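Note sheet for the following structure.
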Amino acid sequence: MKRFLFLMVITAGPVAADPRDDVLTFINIEREIAGCPALTVNRTLEAVALAHSEAMAEEDFFSHVDRDRRRPADRVTAAGYTWLMAGENISAGYVDPEATVIGWMNSPRHRANILTCAYTETGIGHAYNPDDGGEVKYGHYWTQVFGRPMPKDR
């Protein structure tokens, strides 16, 4: 039986003004349960995640590979983040942070990213396209980019 303790947070207090903050809270609760340190927000990773969510919403695709054929590590590197590790979770169609994180936790590969204790930083992006009229019609697009920066002494 899978359990998600972050659900208690939803009923225990107010929802954050920015839904990305709730995603981070839920993710960090799951990481704590697994014995991993909390992720901190890195503004570069956040910008990469937001740009990818917006691109999926506006350019009618749902994939880790963008229209320029760049993969997550390519986008992170292009943004100037010098990484030792980088990864990405995406989801679409989920209207709120709770459903998004539940979806990721129920997916073995996404769950593995969330519970990889070696990741230390993250950025979360969300885009909503109310007129999502293309072939890919999810409306809501979520991206979480994970990173571990290269040590400064290298």
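Note that the coordinates shown come from a computational prediction; the quantities given were computed from them, not determined experimentally.
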Quick one: does [X]'s side chain have a donor or acceptor within less than 3.5 Å of a partner on [Y]'s backbone?
{"X": "Asp74", "Y": "Arg71", "value": "yes"}
{"X": "Arg31", "Y": "Pro37", "value": "yes"}
{"X": "Asp60", "Y": "Val136", "value": "yes"}

When you compare the side chains of Thr100 and Trp142, does any donor N or O come within less than 3.5 Å of an acceptor on the partner? yes
Under a plain distance cut-off of 3.5 Å, with no hydrogens placed, do Asn129 and Tyr138 share a side-chain donor-acceptor pair? no
Which atom of Gly139 lies closest to which atom of Asp132, heavy atoms considered: N-OD2, 2.8 Å
Distance-minimising heavy-atom pair for Pro97 and Val23: CB-CG2, 3.6 Å
Between [X] and [Y], is there a shared hydrophobic cluster once you connect ILVMFWY residues whose side-chain heavy atoms come closer than 4.5 Å?
{"X": "Val65", "Y": "Leu50", "answer": "no"}
{"X": "Ile90", "Y": "Tyr94", "answer": "no"}
{"X": "Leu115", "Y": "Ile27", "answer": "yes"}

With a 4.5 Å limit on heavy-atom distance, are the side chains of [X] and [Y] in contact?
{"X": "Thr122", "Y": "Thr40", "answer": "no"}
{"X": "Phe146", "Y": "Thr116", "answer": "no"}
{"X": "Asp96", "Y": "Pro19", "answer": "no"}

is_close_aromatic(Tyr128, His140), centroid dist under 6.0 Å: yes
[atom1]-[atom2] distance between [X] and [Y], expressed to the nearest 0.5 angstrom:
{"X": "Cys117", "Y": "Arg148", "atom1": "SG", "atom2": "CZ", "answer": "10.5 Å"}
{"X": "Ile114", "Y": "Ser107", "atom1": "CD1", "atom2": "OG", "answer": "8.5 Å"}
{"X": "Ser53", "Y": "Ile124", "atom1": "OG", "atom2": "CD1", "answer": "10.0 Å"}
{"X": "Asn113", "Y": "Gln144", "atom1": "CG", "atom2": "CD", "answer": "8.5 Å"}
{"X": "Met105", "Y": "Asn89", "atom1": "CE", "atom2": "CG", "answer": "10.5 Å"}
{"X": "Arg70", "Y": "His64", "atom1": "CZ", "atom2": "NE2", "answer": "15.0 Å"}

Under 4.0 Å between a Lys/Arg side-chain N and an Asp/Glu carboxylate O for Glu88 and Arg75? yes
Worked verdict on His52 versus Phe61 for ring pair (Phe, Tyr, Trp, His ring centres under 6.0 Å): CA-CA 10 Å; His52 191 63; Phe61 74 97; 5.8 Å; yes
Assign the ring pair Tyr141 / Phe62 to parallel, tilted or perpendicular, where the plane angle (0 to 90°) is split at 30° and 60°. tilted
With a sphere of 6.0 Å drawn around CD of Glu32, does it hold more than 12 non-hydrogen atoms of other residues, nucleotides or ligands? no
Around Arg67, counting heavy atoms of other residues, nucleotides and ligands shown, do more than 12 lie under 6.0 Å from its CZ? yes
ILVMFWY cluster membership beyond Val76 - transitive side-chain contacts under 4.5 angstrom: Leu45, Val48, Tyr81, Trp83, Val145
